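Have a look at the structure below before the remarks.
In what follows, chains carry the letters A, B, and so on, assigned in the order in which the sequence lines appear, proteins first and then strands, with residues in each chain numbered from 1. Only a predicted model underlies this, so the values are computations on that prediction, with no experimental measurement involved.
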Amino acid sequence: MSKPSIPQGTRDFSPELMSKRKFILNTIESVYQSFGFMQLETPAMENLNTLTGKYGNEGDQLLFKILNSGDYIKDLDLNAFDSKSLTPKIAEKGLRYDLTVPLARFVAMHRHEISFPFKRYQIQPVWRADRPQKGRYREFWQCDADVLGTDSLLCEADFIKIYQTVFAKLGIQDYEIRINHRKLLEAVCEKADAKQHFKTITIIIDKADKIGVDGVARELNGIGLNETQVQTVLSLLNKKSLSIETIAEFEQKLSGTESIAKAVEDFNKLIAFCGADLNKIVLDGSLARGLDYYTGCIFEVVPTNVKMGSISGGGRYDNLTEVFGLKEKVSGIGISFGIDRLFDVMEELQLFDGQTSSFADVLFCPMDEAAINYCLPLANQCREKGYKTEIYPSASKLKKQLDYANTKNIKWAIIVGDSEIEKGEVSIKNLVDGNQQTIDIENFVNSIY
RNA sequence: GUGGUCAUAGCUCAGUUGGUUAGAGCGCCAGUUUGUGGUACUGGAGGUCGUCGGUUCGAUCCCGAUUGUCCACCCCA
């Protein structure tokens, strides 16, 4: 028997880790709920034809595929296939790659039962056959929220408020909400007279953070843009805080282009909805986001004092359900938190240090077998009062039982032995300050706080 | 998919210029204290040095492969 192990890029979450993860998860979930989002869950596996072709070539290669059951090669002439054409014959299901495509599939399937606008959130793991590295796992959790069936800019404003609320609650202070507009990017390409290179250009400028302005210029040259064109693109890469003035500046620079009007209109509406609260919002001309289903505003959130990729991303898309054959146009907007990266960021910033996780509030410490029976109804009383309560399962030495309470960060130890049982009492010890008192069982629960 | 890094106790890591018995700290178990914890002291368990193969009289150490790790690129949360 070889040493036990888990697959590459996956992790176990110990109780200690889970209590921290739960804190993040619960925070995000409660904020989503406070904005009226409803929960959706979809299966871990989808039909492979639901998934393939939605993420581009790169994405398709990163899909985990599930082998068919039974004798899946019985009727196949293996020599007639190469590994690529064989795959669809022997694997018809795959693990989900994100939560957006399953959402689109769900909406397409249940369009008649859904009333729009449809606001759903979804917190589930996704899988990518990527090579793991810092902040990148093969199994990780996404926390998505999407609004479908409205193109109001109020949604964008809501999501910005959600970002601000979540990060405030988590204690993350140094971050930047980067925002851009697909139409602004289009206008830039139009201005530079390079519309036909739109997709390539977005991919290149998205790397600006990493390779710098010079690097971007070099790569733009590489795809055949001349110096004027490159300069036109570069002139729009700078980051500025989002404001009426910034927008006006862009409008002026890009006047005469087809796409700029829509971007300006959207930004101005968004600013109006956000009111004065434009804190931490940066208009970043270089933000592009690879996924090409985005059509309007796009977001990305990055921590500014930790070296880490984006911890959230999202944007507006015009017609997500189109590929599933839905005739009526369902536009929408969504964001996604990557809680694994959030976790890494918070761990690095030591934001969990303040919290001591306690796995129970009360531990009953029976000194002999008879005491266990005596404790049972008392423990249930504690639970009814809302305390996490357990009874040590054997009459071990007190030291051992108190040690156990310490490691689980339990505040109250309730010691029960012969003398307590005789008098109908319990001894309650506060493990934080060390005080101990013996009181009547009638109202002992009231002594716990 | 490409390039690099590393792999020794449960964890973090020493160490052996190739040689008899591979160490520390933390953690774990027990005792000092047979009903009073978090501190202290004492003792104990736990490793075929990732796996397979090669070189050698002899390999944890050198070489090769393999698996895993971490990091960077591509792409992305």
What's the [atom1]-[atom2] distance between [X] and [N], to the nearest Å?
{"X": "A:Arg341", "N": "B:rC75", "atom1": "CZ", "atom2": "C1'", "answer": "11 Å"}
{"X": "A:Tyr55", "N": "B:rA77", "atom1": "OH", "atom2": "P", "answer": "11 Å"}
{"X": "A:Asp130", "N": "B:rU2", "atom1": "CG", "atom2": "C1'", "answer": "13 Å"}

With rounding to the closest Å, how many angstrom separate the C1' atoms on B:rU33 and B:rU42? 13 Å

In whole Å, measure the gap between the C1' atoms of B:rU69 and B:rU12 for me. 15 Å

In B/S/- notation (B base, S sugar-phosphate only, - none; protein heavy atoms under 4.0 Å), nucleotides 31-37 of chain B written 5' to 3' is S---BBB

Contact between [X] and [Y] at the side-chain level, heavy atoms closer than 4.5 Å - yes or no?
{"X": "A:Tyr121", "Y": "A:Leu40", "value": "no"}
{"X": "A:Lys169", "Y": "A:Val166", "value": "no"}
{"X": "A:Lys280", "Y": "A:Phe167", "value": "no"}

Identified stems (criterion: three or more consecutive Watson-Crick or G-U pairs, under 3.5 Å), RNA chain B: B:1-4 with B:70-73, B:10-13 with B:23-26, B:28-32 with B:40-44, B:50-54 with B:62-66

Is there a donor in the side chain of [X] and an acceptor in the side chain of [Y], or the other way round, less than 3.5 Å apart?
{"X": "A:Asp318", "Y": "A:Ser331", "answer": "no"}
{"X": "A:Tyr317", "Y": "A:Asp146", "answer": "yes"}
{"X": "A:Arg131", "Y": "A:Gln133", "answer": "no"}

Picking from [options], which would you name as closest to the side chain of [X]?
{"X": "A:Arg128", "options": "B:rC71, B:rC74, B:rA77", "value": "B:rA77"}
{"X": "A:Lys134", "options": "B:rC74, B:rC70, B:rC71", "value": "B:rC71"}
{"X": "A:Arg136", "options": "B:rG68, B:rC75, B:rA30", "value": "B:rC75"}

Touch check for [X], heavy atoms < 4.0 angstrom, all strands: base, sugar-phosphate only, or nothing?
{"X": "A:Gly314", "value": "nothing"}
{"X": "A:Gln133", "value": "base"}
{"X": "A:Tyr137", "value": "base"}
{"X": "A:Ser310", "value": "sugar-phosphate"}

Closer than 4.0 angstrom, basic N to acidic O: yes or no for A:Arg218 and A:Asp214? no

With a centroid cutoff of 5.5 Å and a plane-angle limit of 30°, would you call A:Phe140 stacked on B:rA77? yes

Which residue lies more 5' along RNA chain B, comparing A:Pro132 with A:Gly338 via nearest heavy atoms: A:Pro132

Could you check whether any side-chain N or O of A:Tyr387 sits under 3.5 Å from a backbone N or O of A:Ile448, counting only pairs where one atom can act as donor and the other as acceptor? yes

For this output row, return yes or no: ring centroids of A:Phe35 and A:Phe159 closer than 6.0 angstrom. no

